[in-house]
Amino acid sequence: GELNIGEALSYGWNKFVQYIGQIIVIVLVIFAVQLVFSIVSQVLTRNGGVGAIIVGMAVAAIGWVVGLVLQAGLIRAGLAVTRGETPEVGMLFQTANLGPFIIASILVGLLFFVGLLACCIGAVVVAIFTLFYGYFVIDKSAEPVDSITSSFKLVRDNFGTVLLFASIGEILAERS
């Protein structure tokens with residue numbers, strides 16, 4: 001059937017309100033973990049020589065990987081909500097499909113970088129067409145390249161709707 005934007009936004013809002021406590025805890029855990037890695041990395045790189053910088057960069061790299069684990073977990077939590085399940089903090093640290101997710105994230109990052117080199121508009125195109133790669137990896141166990149291809153096809157086949165949702169999401173994010 002045809003997607004009704006109003007119904008979709010209403011559904012999303014109602015689910016958000018229904019699970020507001022769990023969502024707040026999940027977001028706070030993500031924020032706290034990222035903050036710890038950021039502070040430790042900065043402290044290490046600020047107060048030392050080459051060795052400290054290398055250790056600080058290693059901590060930052062580990063933080064980046066942990067960030068991807070948390071991002072995959074956030075997708076898991078979102079998918080749980082759409083299935084009518086309660087999102088839980090433990091979902092942030094599950095490792096199912098994590099390898100393919102990290103590889104796909106690296107590929108998307110590289111595509112984004114190439115897009116930046118192509119007068120920035122390429123980066124916007126990459127960002128829009130790869131919006132859903134993580135969902136294909138986490139929910140459908142897709143391989144990294146297949147997840148990017150599937151996201152591209154989904155966006156291509158529903159471009160107007162995806163662009164509208166992405167625009168509404170960006171507007172709501174700016175207001176909060």
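For the numbers below, each heavy atom of this structure counts, side chains included, while hydrogens, waters and symmetry mates do not. The model shown is predicted, which means the values in this text are computed figures rather than measured ones.
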Rounded distance [0.5 Å steps], [atom1] in [X] versus [atom2] in [Y]:
| X | Y | atom1 | atom2 | result |
| --- | --- | --- | --- | --- |
| Ile24 | Phe31 | CD1 | CZ | 14.5 Å |
| Leu79 | Leu74 | CG | CG | 10.0 Å |
| Ile103 | Asn97 | CD1 | CG | 11.5 Å |
| Met91 | Leu70 | CE | CG | 14.5 Å |
| Lys15 | Thr82 | NZ | OG1 | 9.0 Å |
| Gln18 | Trp13 | CD | CH2 | 13.5 Å |

Short side-chain to backbone donor-acceptor contact, [X] and [Y], under 3.5 Å:
| X | Y | answer |
| --- | --- | --- |
| Arg76 | Gly90 | no |
| Asn14 | Ser10 | yes |
| Ser41 | Val59 | no |
| Ser167 | Leu163 | yes |

- Pair Arg83 + Asp139: basic N to acidic O under 4.0 Å: yes
Could you see if [X] belongs to whatever hydrophobic cluster contains [Y]? Use Ile, Leu, Val, Met, Phe, Trp, Tyr and a side-chain cutoff under 4.5 Å.
| X | Y | value |
| --- | --- | --- |
| Leu116 | Val125 | yes |
| Ile62 | Ile102 | no |
| Ile138 | Phe93 | no |
| Val145 | Val126 | yes |
| Val17 | Ile20 | yes |

- Query: Hey, mind stepping through Phe101 and Ile75 against side-chain contact (heavy atoms from CB on, under 4.5 Å) and telling me if it holds?
  - Reply: CA-CA 11 Å; Phe101 181 78; Ile75 290 171; 3.8 Å; yes
Validation row: [X], [Y] side chains within 4.5 angstrom (heavy atoms):
| X | Y | result |
| --- | --- | --- |
| Phe152 | Thr130 | no |
| Ile26 | Pro87 | yes |
| Thr149 | Phe136 | no |
| Phe16 | Val81 | no |
| Thr86 | Gln22 | yes |
| Val108 | Ile148 | yes |
| Lys140 | Tyr135 | no |

- Task: Taking atom CZ of Phe113 as the centre, report whether more than 12 heavy atoms of other residues, nucleotides or ligands fall under 6.0 Å from it.
- Result: no
- Query: With ring centroids as reference points, do Phe159 and Phe129 lie under 6.0 angstrom apart?
  - Reply: yes
- Just by distance, with hydrogens left out, do Tyr133 and Ser105 show a side-chain donor and acceptor under 3.5 Å apart? yes
- Query: So, for Pro100 and Pro144, which heavy atoms are closest and what is the spacing to 0.1 Å?
  - Reply: O-CG, 3.4 Å
